[in-house]
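Note sheet for the following structure.
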Amino acid sequence: MNPVTPETNPLRAFAVSRRLSALNESVTLSTDAKAKALRAAGRPVVGFAAGEPDFETPAHVVEAAARALEDTSNFRYSPAAGLPELRDVIATQTSARSGRPVSTSQVVVTNGGKQAVYQAFQAVIDPGDEVLLPTPHWTTYPEVIRLADGVPVPVFAGAEHDYKVTPAQLERAYTPRTKALVFVSPSNPTGAVYTPEETRSIGEWALARGVWVITDEIYKDLVYDGVESVSVLALVPELAGQLITLDGVAKTYAMTGWRVGWMVAPDEVARAVANLQSHLTSNVSNISQRAAIAALTGPQDCVESFTAAFDRRRRALVSGLSAIDGVRVPMPQGAFYVYPEVTGLLGRDWSGLRPANTVELAELILAKTEVAVVPGEAFGPSGYLRLSFALADDALAEGIDRLRRFFS
């Protein structure tokens, strides 16, 4: 028998597992990284790609972290599920928002919101389970569903429906293998916010069908025009046994780099997730957790000022994009994204090029105007672009001006 060598080993082609080889890169992060690299090289790129507030983390939050550095107990391991003090705060605030009693045992603090998302699907999805995914959707959802050996099932709602799905659409997509529904309001990438009536109807549908609801509330505090983001649990309390709520401090408090997210789930799920996290990462940085406590319990005027700035930029971006022939721009009611339909720009000659899809259109825009946007293919069907208005007013105005001049 001939010995197996690296050259003859049939497994050599699979040095990286099939699971990770099939994983797609985050288009939003890669687009933002490309814009930053071009700026570092001296190019005047305006970046509409990042889902990251441009504000400084509030001073009282930073001060709390500085005080935490003086307590050496924060330099040690802490419970994998999170500091009891932070979990207590999250439980109390979740209970107030939902009108339902929430215990500390139901809370798991995670290394950013993405870890909460990943672990939620690991907790409730088995191989072959289907997950209904309202689309356009955040780019990470289908990837983490597949990492749990689940099957993402897109349910699309376009600009003409304000990017919001209905129970009738969910019913048509439902099969005996449907295990969960993703519900995000306000939405990334569209900024759509479901009304209380729409939220209730979707919650009641999920209850009747007995499917898990994984609801991402990371943008719940960033809403405009008097719109209210209402917890699905507050409207359909009977969902408590089949609901996982995801949240974090990143967007509301400009704390993206602090990496503090969490999930609130039924006790059995929370225990399973805490067990997974004990093997995966152990505890979140204690300094960041102390900062998160300060963010949640301290002055909230920072949130009001952030929201006012976002609102001003939202209106300016929608107005500017709406002036471009071939662009349709629904007004977002939450988060900090605009999601225009741009099919009217495709197949036309722009500086000698005819983009056939929005990947090509985004590449053209970056090359010709030095404006970075994210193509709709990152979130669902082609024909759309995502632009974040989490950037300074002067940069936003410059980016709008470049786009309007190019497409005039």
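Nothing fancy with the numbering, it's 1 onward along the sequence.
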Donor-acceptor contacts under 3.5 Å from residues 207-214 side chains, at least two apart:
from, atom 1, to, atom 2, distance (Å)
Arg209, NE, Glu171, OE1, 3.2
Arg209, NH2, Glu171, OE2, 2.5

Problem - Heavy atoms from other residues, nucleotides or ligands near CG of Asp349 exceed 12 (cutoff 6.0 Å) - result: yes

Handout entry: Neighbour count above 12 (heavy atom, 6.0 Å) for Glu56 CD
Key = no

Minimum heavy-atom separation for [X] and [Y], please, with both atom names.
{"X": "Pro330", "Y": "Tyr163", "result": "CG-CE1, 3.7 Å"}
{"X": "Ser388", "Y": "Ala50", "result": "OG-O, 2.9 Å"}
{"X": "Ala265", "Y": "Ile244", "result": "CB-CG1, 4.0 Å"}
{"X": "Val153", "Y": "Glu130", "result": "CG2-CB, 3.9 Å"}
{"X": "Val61", "Y": "Ala291", "result": "CG1-O, 3.5 Å"}
{"X": "Val329", "Y": "Pro340", "result": "CG2-CB, 4.0 Å"}

Exercise for the section: List the steps, then state whether ring pair (Phe, Tyr, Trp, His ring centres under 6.0 Å) holds for Tyr384 with Phe379. Expected result: CA-CA 9 Å; Tyr384 304 85; Phe379 313 103; 10.0 Å; no

Problem - Test applied, side-chain contact (heavy atoms from CB on, under 4.5 Å); reference residue, Thr252; option that passes from Leu296, Val303, Asp247 - result: Val303

Problem - Main-chain N/O of Thr190 paired with Arg386 side-chain donor or acceptor, under 3.5 Å - result: no

Problem - Pairs satisfying ring pair (Phe, Tyr, Trp, His ring centres under 6.0 Å), at least one member in residues 60-114, at least two apart - result: none

Fill in the blank from the handout: The complete set of ring pair (Phe, Tyr, Trp, His ring centres under 6.0 Å) pairs with one or both residues in residues 217-265, sequence neighbours excluded, reads Tyr219-Phe336, Tyr219-Tyr337

Presence of salt bridge, [Y] and [X], under 4.0 angstrom:
{"X": "Arg404", "Y": "Asp401", "answer": "no"}
{"X": "Arg67", "Y": "Asp71", "answer": "no"}
{"X": "Arg315", "Y": "Asp225", "answer": "yes"}
{"X": "Glu360", "Y": "Arg354", "answer": "no"}

